[in-house]
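Each remark here refers to the structure printed beneath this line.
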Amino acid sequence: MSSAKQQYEEQGFVIVPGLIPPGDVKELEDACDRVIKKTRTGEWPHRRTVGKQFPPFDNDNPDSWGVQHVMHPDLGEPAFAKWYTSDALVNTTAELLECSEEQLQMELFNLLINPESHDFALRWHRDDVKEDATEEEERKALGIWTHGVQWNTAMYKDSCLYVVPKSHKNSRTDEQRVHSMTQAPPKDPMDMPGAIQVTLQPGETVFYNSNILHCAAYDSKQRRATLHACVGDIRGGNTRARNVLQHGLKWMKEDKFREALGANQRGSAMLKSLIDMQEGVQGEVGYSQSN
Ligand SMILES: O=C(O)CCC(=O)C(=O)O
Ligand SMILES: [Fe+2]
């Protein structure tokens with residue numbers, strides 16, 4: 001086992017530097033700038049709205065903490081799919097998931113940004129387990145959560161994320177439950193027993209189990225452009241459907257997206273796996289969290 005895999009397995013997260021090819025950094029930064037501008041001016045409607053921690057996002061506040069669907073063909077930014085399917089990123093992902101490249105499934109790809117004029121924060125949560133889950137429900141959910149990985153790649157220094165190492169394997173202690181049974185963000189994230197703040201330097205990527213206990217705090221004065229995505233492994237079957245499809249991914253099934261991927265064969269194969277999962281889902285998947 002590599003040391004990255006060992007740390008990911010034991011702690012639930014691992015930071016890997018230098019995955020973006022140096023020649024591609026500027027291209028990604030510029031693409032981020034353009035989609036952030038479109039989001040802040042209202043030209044791009046798919047955004048994470050200040051005041052809403054989890055999907056479905058609404059339009060109630062003009063300020064945004066994220067740009068949704070950065071690979072969407074209507075944004076016209078090929079740099080994002082190029083990075084999502086790049087060799088170093090894909091190889092690291094496959095290594096952490098212990099699967100082959102052919103088993104990888106394309107999922108979400110969003111961009112997390114600083115709100116312009118309101119500080120905002122997310123409560124302590126696990127992405128696909130509700131805060132009032134019983135200990136047994138929590139254990140069961142953690143037990144099946146092995147076929148996907150989430151990553152954040154920081155374009156600029158980023159200290160927004162807090163995690164409780166090892167909590168991807170363990171249900172909450174009574175004290176941790178007290179700190180996470182509320183829908184309100186914490187006054188101080190470090191009050192959570194076992195919490196650590198994750199700091200990423202520009203170009204670093206943190207890979208994490210999205211059901212690790214985590215929260216985040218967004219400072220409107222601290223520039224943030226952090227690529228935020230997840231990738232699945234088809235052996236997970238429908239276990240990942242709700243977590244992924246709740247964000248609204250019908251556009252990924254359309255010809256326009258397939259055409260935009262063009263000669264990116266790896267991307268096209270990963271997309272096919274997502275569509276296969278999507279087609280296997282009957283009815284509505286619902287939402288992982290209530291806002
Ligand atoms: O801002 C972050 O880094 C974490 C975001 C998050 O936890 C979420 O979207 O569920
Ligand atoms: Fe989360």
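These numbers were taken from a predicted model, which means no experiment stands behind them. Counting starts at 1 for both ligands and their atoms, in listed order. Worth knowing before you read on, the calculation uses all heavy atoms, side chains too, and leaves out hydrogens, waters and symmetry mates.
- Within the 4.0 Å heavy-atom cutoff, Gln53 does not count among the residues contacting ligand 1.
- Using a 4.0 Å cut-off between charged nitrogen and carboxylate oxygen, Arg139 and Glu135 count as a salt-bridge pair.
- In this structure, atom 9 (O) of ligand 1 lies nearest to the protein heavy atom Arg48 NH1, 2.8 Å.
- Residue-ligand proximity, His228 to ligand 1, at heavy-atom distances under 4.0 Å covers atoms 9 (O).
- Atoms NE2 of His214 and OD1 of Asp127, as seen from the Fe ion (ligand 2), are separated by an angle of 90°, to the nearest 10°.
- Between Arg224 and ligand 1 there is a heavy-atom distance shorter than 4.0 Å.
- When distances to the Fe ion (ligand 2) are checked against a cut-off of 2.8 Å, His125 contributes an N, O or S atom below that limit.
- Note that Arg223 lies in the cation-pi zone of Tyr156, set by a 6.0 Å cut-off to the ring centre and a 45° limit from the axis.
- Listed by atom number, the atoms of ligand 1 under 4.0 Å from Asp127 heavy atoms are 10 (O).
- For ligand 1, the atoms sitting less than 4.0 Å from at least one non-hydrogen atom of Asn152 are 3 (O), numbered in the order shown with element in parentheses.
- Two rings, from Phe109 and Trp151, have their centers less than 6.0 Å apart.
- Residue Ala216 has at least one heavy-atom neighbour below 4.0 Å for each of these atoms of ligand 1: 1 (O), 2 (C).
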- ring-ring contact (aromatic ring centres under 6.0 Å, His included) evaluation trace for Trp251 with His69: CA-CA 9 Å; Trp251 63 271; His69 314 314; 5.4 Å; yes

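- With ligand atoms numbered from 1 in the order given, ligand 1 contributes 1 (O), 2 (C), 4 (C), 5 (C) to contacts under 4.0 Å with heavy atoms of Tyr218.
- Atoms of ligand 1 found under 4.0 Å from any heavy atom of Leu122, numbered from 1 in the order shown, are 5 (C), 6 (C), 7 (O), 8 (C).
- Atoms of ligand 1 lying under 4.0 Å from at least one heavy atom of Leu112, given by number and element, are 1 (O), 2 (C), 3 (O).
- Aromatic ring centroids of His72 and Trp44 lie under 6.0 Å apart.
- Cation-pi geometry between Arg240 and Trp145 is met: under 6.0 angstrom from the ring centre, within 45 degrees of the axis.
- Lys37 contributes no side-chain N or O that, together with a main-chain N or O of Glu43, makes up a donor-acceptor pair within less than 3.5 Å.
- Each of Asn211, Asp128, Asn243 was compared with Ser288 under the side-chain hydrogen bond (donor to acceptor under 3.5 Å, both in side chains) criterion, and only Asp128 meets it.
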